[in-house]
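Written below as structure tokens is the structure these notes are about.
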Amino acid sequence: MVWEVVKNIPPGRVTTYGAIANFLGAGSSARMVGYALNASKYANEFIPAHRVVNRNGVLTGKHHFGSIYAMENLLRMEGVEVEDDKIVRFKILFWDPMKELSSMDE
DNA sequence: AAGTTGACCCCGA
DNA sequence: TTCGGGGCCAACT
């Protein structure tokens with residue numbers, strides 16, 4: 001499910017682990033989202049996990065990509081400014097699944 | 001089976 | 001602002 005949500009994140013936008021966890025159900029603590037994303041590497045398809053950051057807009061999961069610069073490069077490639085491992089204008093680029101996917105279900 | 005760990009989050013000092 | 005403590009829940013030892 002986490003992957004489904006992440007796949008719906010539009011390029012150039014980002015969201016947080018907590019937002020996804022909350023969207024899927026308050027029960028799924030944010031840690032599980034990260035865990036699921038870690039497993040996304042084993043997925044059969046591409047999961048834009050680089051568009052998921054922590055609540056501060058910091059690229060905490062950069063170490064889990066091939067290189068610690070991969071995540072940052074991917075984001076910049078999509079037009080997201082990254083400075084000191086943090087996303088610039090994070091509040092504006094923030095993509096809330098609660099709002100964007102509130103209408104969709106199943 | 002029990003203890004640790006983790007791509008997190010929130011609160012108080 | 002930084003530091004410490006608690007909560008969270010599935011996976012890994």
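Chain letters run A, B, ... following the sequence lines, proteins first, then strands; residues in each count from 1. All values below come from the heavy atoms of this structure, side chains included, with hydrogens, waters and symmetry mates left out.
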Start with the C-alpha distance between A:V5 and A:L101, add both sets of side-chain angles, then the distance that settles side chain to side chain contact (heavy atoms under 4.5 Å, CB included), and finish with yes or no.
-> CA-CA 8 Å; A:V5 176; A:L101 302 179; 4.2 Å; yes
I would like to know whether A:V14 and A:V52 meet side chain to side chain contact (heavy atoms under 4.5 Å, CB included); could you show each step before the answer?
-> CA-CA 6 Å; A:V14 294; A:V52 185; over 6 Å; no
Before giving the answer on salt bridge (charged side-chain N to carboxylate O under 4.0 Å, His left out), spell out for A:E4 and A:K7 the whole-Å C-alpha distance, their side-chain angles and the decisive distance to 0.1 Å.
-> CA-CA 5 Å; A:E4 294 303 312; A:K7 285 192 301 185; 3.1 Å; yes
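At the heavy-atom level, A:N54 lies under 4.0 Å from the strands shown only through sugar-phosphate atoms. A:A49 comes within 4.0 angstrom of a nucleotide base, judged by non-hydrogen atoms across all strands.
When the P atom of B:dA7 is taken as reference, atom CD1 of A:I20 falls 15 Å away, rounded to whole Å. Rounded to whole Å, atom P of C:dC9 lies 14 Å from atom CG of A:L24. When rounded to the nearest whole Å, the span between CE of A:M1 and P of C:dA10 equals 13 Å. When the C1' atom of B:dA7 is taken as reference, atom NZ of A:K41 falls 10 Å away, rounded to whole Å. The separation between A:M71 atom CE and B:dA7 atom C1' is 8 Å, rounded to whole Å. Nucleotide C:dA11 holds its C1' atom 12 Å from the OH atom of A:Y42, rounded to whole Å.
Candidate nucleotides C:dA11, B:dA7, B:dC9 were compared by shortest atom distance to the side chain of A:Y35, and C:dA11 ranks first. Which of B:dA7, B:dC9, C:dA10 sits closest to the side chain of A:M32 comes down to C:dA10.
With hydrogens and angles ignored, the 3.5 Å screen pairs a side-chain donor or acceptor of A:T16 with a backbone N or O of A:A19. The main-chain N or O of A:W95 is found under 3.5 Å from a side-chain atom of A:T15 such that the two form a donor-acceptor pair.
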Go along nucleotides 1-8 of chain C 5' to 3' and tag each nucleotide: B for a protein heavy atom under 4.0 Å from its base, S when only backbone or sugar atoms are that close, - otherwise.
-> ------BB
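Identified under the ring-ring contact (aromatic ring centres under 6.0 Å, His included) test for residues 40-94 of chain A, with sequence neighbours left out: A:F90-A:F94.
As rounded to the nearest Å, B:dA7 and C:dC3 have C1' atoms that lie 22 Å from one another.
Taking the nucleotide of DNA chain B with the nearest heavy atom to each of A:H50 and A:R55, the more 5' of the two is matched to A:H50.
Salt-bridge formation is detected for the pair A:E78/A:R51: a Lys NZ or Arg NE/NH1/NH2 atom is positioned less than 4.0 Å from an Asp or Glu carboxylate oxygen.
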